[in-house]
Student: 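Dropping the structure in here first, questions after.
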Number of protein chains: 2
Amino acid sequence: MIHSPTVKLSAKATADLGVVDGLVQLSFSIQAIVGSVTAHHDLSIIQTRLLGALRDRKLSMAQIARLISLDKSSTTGLVDRAEKRGYVERSIAPHDGRSVLVTLTTSGRRVVDRVATEVAREINAVIEDLSDVDRRRLSQLASRFVHLDAEARGIDLTAGQTTQRRN
Amino acid sequence: MIHSPTVKLSAKATADLGVVDGLVQLSFSIQAIVGSVTAHHDLSIIQTRLLGALRDRKLSMAQIARLISLDKSSTTGLVDRAEKRGYVERSIAPHDGRSVLVTLTTSGRRVVDRVATEVAREINAVIEDLSDVDRRRLSQLASRFVHLDAEARGIDLTAGQTTQRRN
DNA sequence: TATTGTTATACTCTATAACTATA
DNA sequence: TATAGTTATAGAGTATAACAATA
């Protein structure tokens, strides 16, 4: 992990990095792709994550904090900046005067949709040379990992409701 | 990508997120694991990346900047903070008075080794229930992706010397 | 002139602690 | 009392622009 530089690139057969190094470096590759796409839209990864989380639902500040693993005070700032740029709106929860609900604006939806499309295009471009079988396997294994990890952390991906441990 | 919450968790068979969402969410999972381990050592991911890059070689400021995709001014700050904590040292390059070489200290090596070990343990814990075949496939496919991406960006992983595009 | 690196500046992102308001 | 959010503060991380030193 963490960049062992003993990696050799043979023109054809790709040296296997091992699961751990492979996964860690894969995560850096993906984050770099997402980062470059979002940067073109003058968004950070975390801002995009916020907008993405709001794509199909409204969430309270507390839910956002749990979902993205942020302190509530950090969430305040994150939402402040998104709101200032017109991507999200705050409103008070109907049945709980303490709770603040955050929703995507039209503008916010537009930008997050565009980013998602471009990220998909970039990632698909990288794996276009993989066989269909390999692509399917990669998809399945990535999903498996995500679910195993979520399970281990006791996170329920289904609900906007989240409880977690790590950290 | 970017957190489409239409995900359902069936107890056994894990719903396939699709390659793109799967990979993006996988990258967030891995980053969360790395982040929590590094945080326990009071390190950020980027600090750990710096130390990791120096594990087997000394690098100039410019090389670090290229390798981690940072502006040279950001690199100055990054190395400043690492140096202040005694994890790296600066020295002047023998044959080029402009160039500053950065090396790991004993203390820096100790901490990066420890972090790497713990990250490996955490990741292995997540995938321990995968079959050997699946683990091997995951490893191979992750490596494939990293190399395909590096190729597309024109990055040579072999050398401390790096040239790139994206961004 | 080009390259290497630092400094000054400004902004985002983050957590901790202290606070207000609602339940 | 407990929960939801905000504010104040401090620090890391980042880029841009301007600079100094070396090649």
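Chain A is the first sequence line, chain B the second, and so forth, proteins listed ahead of strands; every chain is numbered from 1.
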Student: Heavy-atom distance under 4.5 Å between the side chains of B:Leu43 and B:Val111, does that happen here?
Tutor: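 With C-beta onward as the side chain, the pair touches.
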
Student: Has the side chain of B:Ser143 got a donor or acceptor atom that lies under 3.5 Å from a matching backbone atom of A:Leu17?
Tutor: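 The answer is yes, because a donor-acceptor pair under 3.5 Å joins these two groups.
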
Student: Would you say the side-chain atoms of B:Asp149 pair up with the backbone N or O of B:Phe145, donor to acceptor, closer than 3.5 Å?
Tutor: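 No, B:Asp149 side chain to B:Phe145 backbone: no donor-acceptor pair under 3.5 Å.
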
Student: Between D:dT14, C:dT12, D:dT6, which nucleotide gets closest to the side-chain atoms of B:Leu78?
Tutor: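 In terms of side-chain proximity for B:Leu78, the closest of D:dT14, C:dT12, D:dT6 is D:dT14.
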
Student: Does any non-hydrogen side-chain atom of B:Val19 lie less than 4.5 Å from one of A:Ile123?
Tutor: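 No; the side chains remain at least 4.5 Å from each other.
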
Student: Could you check whether any side-chain heavy atom of A:Ile33 comes within less than 4.5 Å of a side-chain heavy atom of A:Val126, counting everything from C-beta outward?
Tutor: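 When only atoms from C-beta onward are counted, A:Val126 and A:Ile33 do touch, with a gap below 4.5 Å.
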
Student: Using heavy atoms and a sub-4.0 Å distance, could you list which residues of residues 94-106 of chain A are near DNA chain D? By number, please.
Tutor: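 Hits under 4.0 Å, by residue number: A:Arg98, A:Ser99, A:Val100.
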
Student: I'd like to check B:Leu23 versus A:Leu26 (side-chain heavy atoms, cut-off strictly below 4.5 Å). Are they in contact?
Tutor: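 B:Leu23 vs A:Leu26: side chains touch.
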
Student: Please confirm whether the backbone N or O of B:Tyr87 pairs with a side-chain atom of B:Thr105, one donor and one acceptor, at under 3.5 Å?
Tutor: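 Yes, the answer is positive, given that a donor and an acceptor are paired below the 3.5 Å cut-off.
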
Student: On DNA chain C, compare the nucleotides closest to B:Ser60 and A:Leu70; which residue's is nearer the 5' end?
Tutor: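 The residue mapped nearer the 5' terminus is B:Ser60.
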
Student: Quickly work out the A:Ile92 CD1 to C:dA21 C1' distance and round it to whole Å.
Tutor: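 These atoms are roughly 10 Å apart.
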
Student: With side chains defined as the heavy atoms from C-beta onward, is the minimum distance between A:Ile45 and A:Gln31 less than 4.5 Å?
Tutor: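 Of all side-chain heavy-atom pairs linking A:Gln31 with A:Ile45, at least one is under 4.5 Å.
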
Student: Output one line per pair: protein atom, nucleotide atom from nucleotides 18-20 of chain C, and distance, for all N/O pairs under 3.5 Å.
Tutor:
none

Student: In terms of side-chain heavy atoms of B:Met61, which of C:dT6, D:dA15, C:dA15 is nearest?
Tutor: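 So the nucleotide nearest the side chain must be C:dT6.
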
Student: Of the nucleotides C:dT16, D:dG13, C:dT6, which one has an atom closest to the side chain of B:Ile46?
Tutor: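 In terms of side-chain proximity for B:Ile46, the closest of C:dT16, D:dG13, C:dT6 is D:dG13.
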
Student: Distance check needed: D:dT14 C1' versus A:Gln47 CD, whole Å only.
Tutor: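 The answer, rounded to whole Å, is 15 Å.
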
Student: Just compare D:dA15, C:dC13, D:dG5 and give me whichever is closest to any side-chain atom of A:Ser44.
Tutor: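 Closest nucleotide among those given: C:dC13.
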
